[in-house]
Q: 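Mind having a look at this structure? Questions to follow.
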Amino acid sequence: MKMRHLGWTLLVLVLLLGAAAGGIVALNLRGEDPLPEQAEAFNATPQLVERGRYLALAGNCAGCHTTRGGQPYAGGLPIETPFGTVYSSNLTPDAQNGIGSWSSAHFWRAMHNGRSKDGRLLYPAFPYPNFTQVTREDSDAIYAYLRSLPPAPAPNLAHRLRFPYDTQAALAVWRALSFKPEAFVANTAKPAEWNRGAYLVGGLGHCIACHGSRDSLGATQVKLGLSGGLIAAENWYAPSLADPHQAGVADWPTADVVALLKNGVAPRGSVMGPMADVVFRSTQHLSEADLAAMASYLKDLPGVPAQAAAPVRTAAATTRRGAGTMARGARIYDQQCAYCHGDQGQGAPGAFPPLAGNRAVNMAETTNLIQVIAHGGYLPSTAGNPRPYGMPPFGQVLDAGDVAAVLTYIRGSWGNDSAPVTQLDTMRR
């Protein structure tokens with residue numbers, strides 16, 4: 001809390017004093033090496049370009065730098081944040097609008113230091129707080145790949161951020177509080193596979209950008225790790241990757257973790273929402289070795305202590321949830337859900353997931369359940385699962401009370417014993 005107040009105090013001081021541009025830059029030069037006076041010779045061999053293509057997939061770069069139906073990497077995708085809208089930039093080799101006039105050193109500085117060619121500080125919607133861990137060699141490979149793409153003349157769009165977040169001064173203060181360039185340091189006590197997984201998850205994969213919590217200024221709370229967080233702009237909850245009651249995989253076989261990342265579905269879970277897009281655009285294209293490395297790292301995350309839930313008697317549970325709500329939910333479930341998920345929530349293997357004992361159903365955070373009921377849930381189409389089953393949206397036939405009732409029924413039936421969902425919960429989403 002004291003640090004948060006300090007951040008706002010510094011921000012006000014910078015703005016009121018009208019800090020000179022040189023002072024702002026100096027505030028953020030820590031850890032930066034000066035650019036070479038002349039562009040370095042760069043040999044983009046076919047092997048380097050192919051490696052860069054693979055690494056760009058690992059970072060899901062096209063996911064943010066390509067609009068629907070637009071030219072790949074031409075930018076212009078709006079990224080909503082609590083502070084306004086940031087538009088992704090053109091990464092094609094167009095000389096005027098893209099990176100055609102950038103050197104490999106310029107690109108490395110953007111990746112490692114979060115600074116554009118002209119020295120401007122970049123907004124962390126571009127996840128340079130994670131990409132700072134990417135090696136210079138990998139940065140050069142991605143640069144080589146991007147320079148091999150067809151140039152697109154699409155101009156970069158101006159961000160639409162509220163004051164004072166639209167100022168370089170505010171961004172300089174944010175960086176002073178929340179960002180420091182750093183390199184990936186291997187843990188010598190761990191095997192090479194684990195370290196490769198740590199590099200991919202923490203750097204190019206930038207998993208903490210969604211699966212981590214953020215402070216009031218939007219900075220990822222690194223000390224909390226992959227403990228889960230609300231993706232505010234998309235209104236999905238990225239569950240904890242360390243908690244076995246959420247999305248932890250410590251007790252999963254490695255093959256199942258690899259299957260989830262490669263196919264979007266595994267014997268004990270599947271992906272929907274923003275993670276389905278990540279699998280579709282990124283992880284399904286990674287090598288088995290890299291997926292196994294990521295699995296090795298994720299399986300070894302420090303776990304959350306298990307909390308034994310006190311047994312709840314049926315009568316008490318009914319009182320807590322409300323007999324009328326449960327009856328209403330049962331009727332809706334029978335009419336809309338039972339055909340696929342079964343009368344006892346047992347699901348259908350290989351098609352429809354079971355709801356009984358499903359940890360996604362029983363999580364304390366119900367945001368995703370409400371989203372799936374209202375807007376549908378769709379697995380990604382992958383090489384390993386080319387025709388996935390999906391769940392249609394019911395937001396057009398169920399009102400807020402109906403959604404709350406059917407979720408309360410599901411979370412309180414067939415051995416499930418989770419807190420009810422209120423109508424207010426559904427209206428917040």
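Small disclaimer: the values here were computed from a predicted structure and weren't measured. Positions are given from 1, in the same order as the sequence printed here.
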Q: Looking only at side chains, do Ser418 and Asn416 share a donor and an acceptor under 3.5 Å apart?
A: no

Q: How would you list, by chain and number, every residue that makes a side-chain contact (heavy atoms from CB on, under 4.5 Å) with Tyr378, sequence neighbours excluded?
A: Pro393

Q: Can you confirm whether more than 12 heavy atoms, excluding those of Arg162, are under 6.0 Å from its CZ atom?
A: yes

Q: OH of Tyr339: more than 12 outside heavy atoms within 6.0 angstrom?
A: no

Q: Out of curiosity, Gln246 CD to Ser227 OG, how far, rounded to the nearest 0.5 Å?
A: 8.5 Å

Q: If you round to the nearest 0.5 Å, how far is CE of Met391 from CG of Leu379?
A: 12.5 Å

Q: Should we say atom CZ of Phe394 is surrounded by more than 12 heavy atoms from elsewhere, each under 6.0 Å from it?
A: yes

Q: Carefully, step by step, assess Arg331 and Asp402 under the rule salt bridge (Lys or Arg N to Asp or Glu O under 4.0 Å).
A: CA-CA 10 Å; Arg331 288 194 300 272; Asp402 291 335; over 6 Å; no

Q: Per the ring pair (Phe, Tyr, Trp, His ring centres under 6.0 Å) rule, which among Tyr128, Phe126, Trp174, Tyr123 passes with Phe179?
A: Tyr128

Q: Give a yes or no on whether the backbone of Leu57 and the side-chain of Ser282 come within a donor-acceptor separation of less than 3.5 Å.
A: yes

Q: With no hydrogens and no angle check, do the side chains of Tyr333 and Arg328 hold a donor and an acceptor under 3.5 Å apart?
A: no

Q: Are the side chain of Asn358 and the backbone of Leu355 linked by a donor-acceptor contact shorter than 3.5 Å?
A: no

Q: Got a second to check how far Met111's CE is from Thr135's OG1, nearest 0.5 Å?
A: 9.0 Å

Q: Taking atom CH2 of Trp236 and atom CD1 of Ile231, what is their separation to the nearest 0.5 Å?
A: 9.0 Å

Q: Would Glu80 and Thr85 count as a side-chain hydrogen bond (donor to acceptor under 3.5 Å, both in side chains) if you check the C-alpha gap in whole Å, the side-chain angles of each, and the deciding distance to 0.1 Å?
A: CA-CA 5 Å; Glu80 302 297 335; Thr85 304; 2.8 Å; yes

Q: Go through the side-chain N and O atoms of Tyr237 and Gln371 and say whether any donor and acceptor fall under 3.5 Å apart.
A: no

Q: Please determine if Asp417 and Arg411 form a salt bridge, counting it only when a charged side-chain N lies under 4.0 Å from a carboxylate O.
A: no

Q: Any luck finding a side-chain donor-acceptor pair between Gln221 and Ser213 under 3.5 Å?
A: yes

Q: Yes or no on side-chain hydrogen bond (donor to acceptor under 3.5 Å, both in side chains) for Thr382 and Asn385, after CA distance, side-chain angles and deciding distance?
A: CA-CA 5 Å; Thr382 59; Asn385 189 29; 5.2 Å; no

Q: Do the charged groups of Asp166 and Arg160 touch, with an N to O distance under 4.0 Å?
A: no

Q: With respect to Thr366, which candidate in Thr408, Leu407, Val361, Val421 satisfies the side chain to side chain contact (heavy atoms under 4.5 Å, CB included) definition?
A: Val421

Q: Between CG of Leu48 and CZ of Arg147, what distance do you get to the nearest 0.5 Å?
A: 12.5 Å

Q: Begin from the C-alpha positions of Phe131 and Trp108 and carry the test ring-ring contact (aromatic ring centres under 6.0 Å, His included) through to its verdict.
A: CA-CA 10 Å; Phe131 290 167; Trp108 161 249; over 10 Å; no

Q: Per the side chain to side chain donor-acceptor pair (under 3.5 Å) rule, what does the pair list look like for residues 290-304, sequence neighbours excluded?
A: Tyr54-Asp290, Lys190-Asp300, Trp194-Asp300, Arg196-Asp290

Q: Taking only residues two or more places apart in sequence or in another chain, which ones pass side chain to side chain donor-acceptor pair (under 3.5 Å) with Asn97?
A: Asp94

Q: Below 30° counts as parallel, above 60° as perpendicular, anything between as tilted: where do the rings of Tyr143 and Phe107 land?
A: tilted

